[in-house]
Asks: 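Following this message is one structure expressed as structure tokens.
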Number of protein chains: 2
Amino acid sequence: MQPKKLPRLKSTFSVDCVIFGVDDGVLKILLIERNEPPFKAWKAIPGNLVRDQEDIDDAAKRILYELTGLKDIYLEQSYTFGRTNRHPQGRVITVSYYSLIQKTDDIRPVTGFAKTAFWCPVHELPKLAFDHREIVEKALAQLKHKINYQPIGFELLPKRFTLTQLQHVYEAILEVDLDKRNFRKKMLSFGLLESCQEKQTGGSHRAASLYRFNKKRYHQLATKGFIFGL
Amino acid sequence: MQPKKLPRLKSTFSVDCVIFGVDDGVLKILLIERNEPPFKAWKAIPGNLVRDQEDIDDAAKRILYELTGLKDIYLEQSYTFGRTNRHPQGRVITVSYYSLIQKTDDIRPVTGFAKTAFWCPVHELPKLAFDHREIVEKALAQLKHKINYQPIGFELLPKRFTLTQLQHVYEAILEVDLDKRNFRKKMLSFGLLESCQEKQTGGSHRAASLYRFNKKRYHQLATKGFIFGL
DNA sequence: TAAAGTTAGTGTATTTTTTACACTAACTAA
DNA sequence: TTAGTTAGTGTAAAAAATACACTAACTTTA
């Protein structure tokens, strides 16, 4: 399954990114198809070696940028994977990150390696290269946990969104059905969602109100111990 | 402050451990005094380079063992620090772990480097080498968070403990005062604390009942979604 | 233009959980 | 035997979470 005569690398580190997006109530991640050995033609999460003079956070941002053309997106360090045999070419420790993006944003790959990128529902993952399956599972668990106490759902939505869209994000991540009235009551109770005084257009049904999340005010409250959770 | 002519290391990785213990209601960590440059004679958290054929988790266990003589202790990966300039000798990425031990256990350093180890209250830390201060703060924040949904307080106590001791652990970590009756009610409500049918001895006052934590049953419940929290 | 289809939007009653709070019991030492 | 110290206990009030069903607004189609 692995080629045999690849060069040994000296001890080195890489960064891998699990990039989440929500699409029509389904949680997805961005995968690529590798075009080099090892694991040539396998699906994988995007990643790269960390450069000599590069902070690891910056390496993660670079990968995201190369892949999506986006900057300033939500990024969290997830976990570090360091089993001795996790990479067939030598000792490579990888620091994984996860990131949340608005799937509506136009994604414009900046480099060649990103051309094969595609979205895949988290529950329909193909076999992945290296220990990437494990990396995805870890990020998924962290995401599921974090949404209970931080307002990260908004990172997956456009600036202006409807309450139903927001509920779908929560449902997709938590894998539960939520009660519409209770969900709305709770979300509005924090006083952090502001009406845009505008309605969504396009559906063949009643138009929904658009809201935006007041991040600045959230950060003020957060410093005083406020917790944003369902 | 830093010597100038140290050899450059090639890119490499280390593991650092924040070792927590609770003593008389005070949360402490184990520090060492470095006896080699860089940062010779500075206080630091224990750590070491990861060996070529060593998993990073194993490296953390090794450090703990060398320092305390203890095995099978609670250990969690905390965070990975990878700023390019965090180590004066070259590029060293460090994976930090935190560990919880029972301070009553006899600590018997196994190697020389551990001889200078001492306990320090987390709120009276001296200046620390490298970015160790930041590493400790991160571990502290994670500990404080985790105790809200996992039964990790028991790791800091002997097998048999009183409810007051347990309360002190929670108070030390969360940095709040808790109501005695409410705390006991909550803790006992899970049905995971079993009476040892025995009393503590030694105080010049009424003797307290001893309890033990039923970890096996906890894990059974946990798989069904049960959450152990205050 | 009326009817059918679709999603938006809203309130209340019940249950559960959290909080606040103060005295008696048991033991030791002086 | 008294003073000192920590252990141990219950209830009532407040707050939060849950369960639950209909009307409103808009579009499409017959």
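Just so it is clear, the structure is predicted and the values come from calculations on it, not from any experiment.
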Asks: Report yes if a side-chain nitrogen or oxygen of B:R181 is closer than 4.0 Å to either non-bridging phosphate oxygen (OP1 or OP2) of C:dA20; otherwise report no.
Replies: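 No, B:R181 has no side-chain N/O under 4.0 Å of OP1/OP2 on C:dA20.
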Asks: Without decimals, in angstroms, what is the distance between A:F190 CZ and D:dA16 P?
Replies: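 Distance, rounded to whole Å: 10 Å.
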Asks: Quick one, B:T164 with B:R184, criterion side-chain hydrogen bond (donor to acceptor under 3.5 Å, both in side chains). Give me CA distance, side-chain angles, the key distance, then yes/no.
Replies: CA-CA 9 Å; B:T164 299; B:R184 284 163 181 247; 3.2 Å; yes
Asks: Starting from P on C:dG11, measure out to NZ on A:K185 and report it in whole angstrom.
Replies: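 Distance, rounded to whole Å: 10 Å.
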Asks: What nucleotide, of D:dA21, D:dC26, C:dC27, holds the atom closest to the side chain of A:R206?
Replies: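 Nucleotide nearest to A:R206's side chain: D:dC26.
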Asks: What nucleotide among C:dT7, D:dT9, D:dA19 has an atom nearest to a side-chain atom of B:K180?
Replies: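 Minimum distance to the B:K180 side chain belongs to D:dT9.
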Asks: Can you work out whether A:S204 or A:D179 has the more 5'-proximal nearest nucleotide on DNA chain C?
Replies: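 It is A:S204 whose nearest nucleotide is closer to the 5' end.
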Asks: Once you apply a heavy-atom cut-off of 4.0 Å, does B:T162 come out as touching a base, just sugar-phosphate, or nothing?
Replies: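 If one applies the 4.0 Å heavy-atom cut-off, B:T162 turns out to touch nothing in the nucleic acid.
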Asks: Does atom CD1 of B:I227 have more than 12 heavy-atom neighbours, drawn from other residues, nucleotides or ligands, at distances under 6.0 Å?
Replies: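 Open: at most 12 neighbouring heavy atoms sit under 6.0 Å from CD1 of B:I227.
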Asks: Send over the distance from B:Q200 CD to D:dT5 P, rounded to a whole Å.
Replies: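 One finds 17 Å between P of D:dT5 and CD of B:Q200, rounded.
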Asks: Phosphate oxygens OP1/OP2 of C:dA8: is one of them under 4.0 Å from a side-chain N or O of A:S209?
Replies: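 Negative; the distance criterion is not met.
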Asks: For B:N148 and C:dT18, give me the distance from atom CG to atom P, rounded to whole Å.
Replies: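 Whole-Å distance recorded here is 12 Å.
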Asks: Of all the nucleotides listed (D:dT5, C:dG11, C:dA26), which has the minimum atom distance to the side chain of B:H205?
Replies: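 Comparing D:dT5, C:dG11, C:dA26 against the side chain of B:H205, the answer is D:dT5.
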Asks: Charged N to carboxylate O below 4.0 Å: is that the case for B:E134 and B:K138?
Replies: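 No, this pair does not count.
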Asks: If you compare all heavy atoms of B:L64 against all heavy atoms of B:S99, which two are closest, and at what distance to 0.1 Å?
Replies: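 Smallest interatomic distance, heavy atoms only, reads CD2-OG, 3.6 Å.
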Asks: Atom CD of B:E198 to atom P of D:dA7: distance rounded to whole Å?
Replies: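 The answer, rounded to whole Å, is 17 Å.
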Asks: Show, in sequence, the C-alpha distance, side-chain angles and deciding distance for B:Y79 and B:Y97, and conclude whether the ring-ring contact (aromatic ring centres under 6.0 Å, His included) test is met.
Replies: CA-CA 7 Å; B:Y79 200 78; B:Y97 285 76; over 10 Å; no
Asks: Taking atom P of D:dA16 as reference, at what distance in whole Å does atom CZ of A:F183 sit?
Replies: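 Interatomic distance, CZ of A:F183 to P of D:dA16: 18 Å.
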Asks: Answer yes or no: does a side-chain N or O of A:T164 lie under 4.0 Å from OP1 or OP2 of C:dA8?
Replies: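 Yes, A:T164 has a side-chain N/O under 4.0 Å of OP1/OP2 on C:dA8.
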Asks: From CG of A:L178 over to P of D:dA19, roughly how many Å is that when rounded to an integer?
Replies: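 Going from CG in A:L178 over to P in D:dA19 covers 11 Å.
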Asks: D:dT6 P sits how many Å from B:R184 CZ, rounded?
Replies: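 Taking CZ of B:R184 and P of D:dT6, I get 13 Å after rounding.
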Asks: Determine the contact category for A:K186: base if any of its heavy atoms lies under 4.0 Å from a base atom, sugar-phosphate if only primed atoms, P, OP1 or OP2 are that close, otherwise nothing.
Replies: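 Sugar-phosphate: the residue A:K186, judged by heavy atoms under 4.0 Å, touches backbone atoms but no base.
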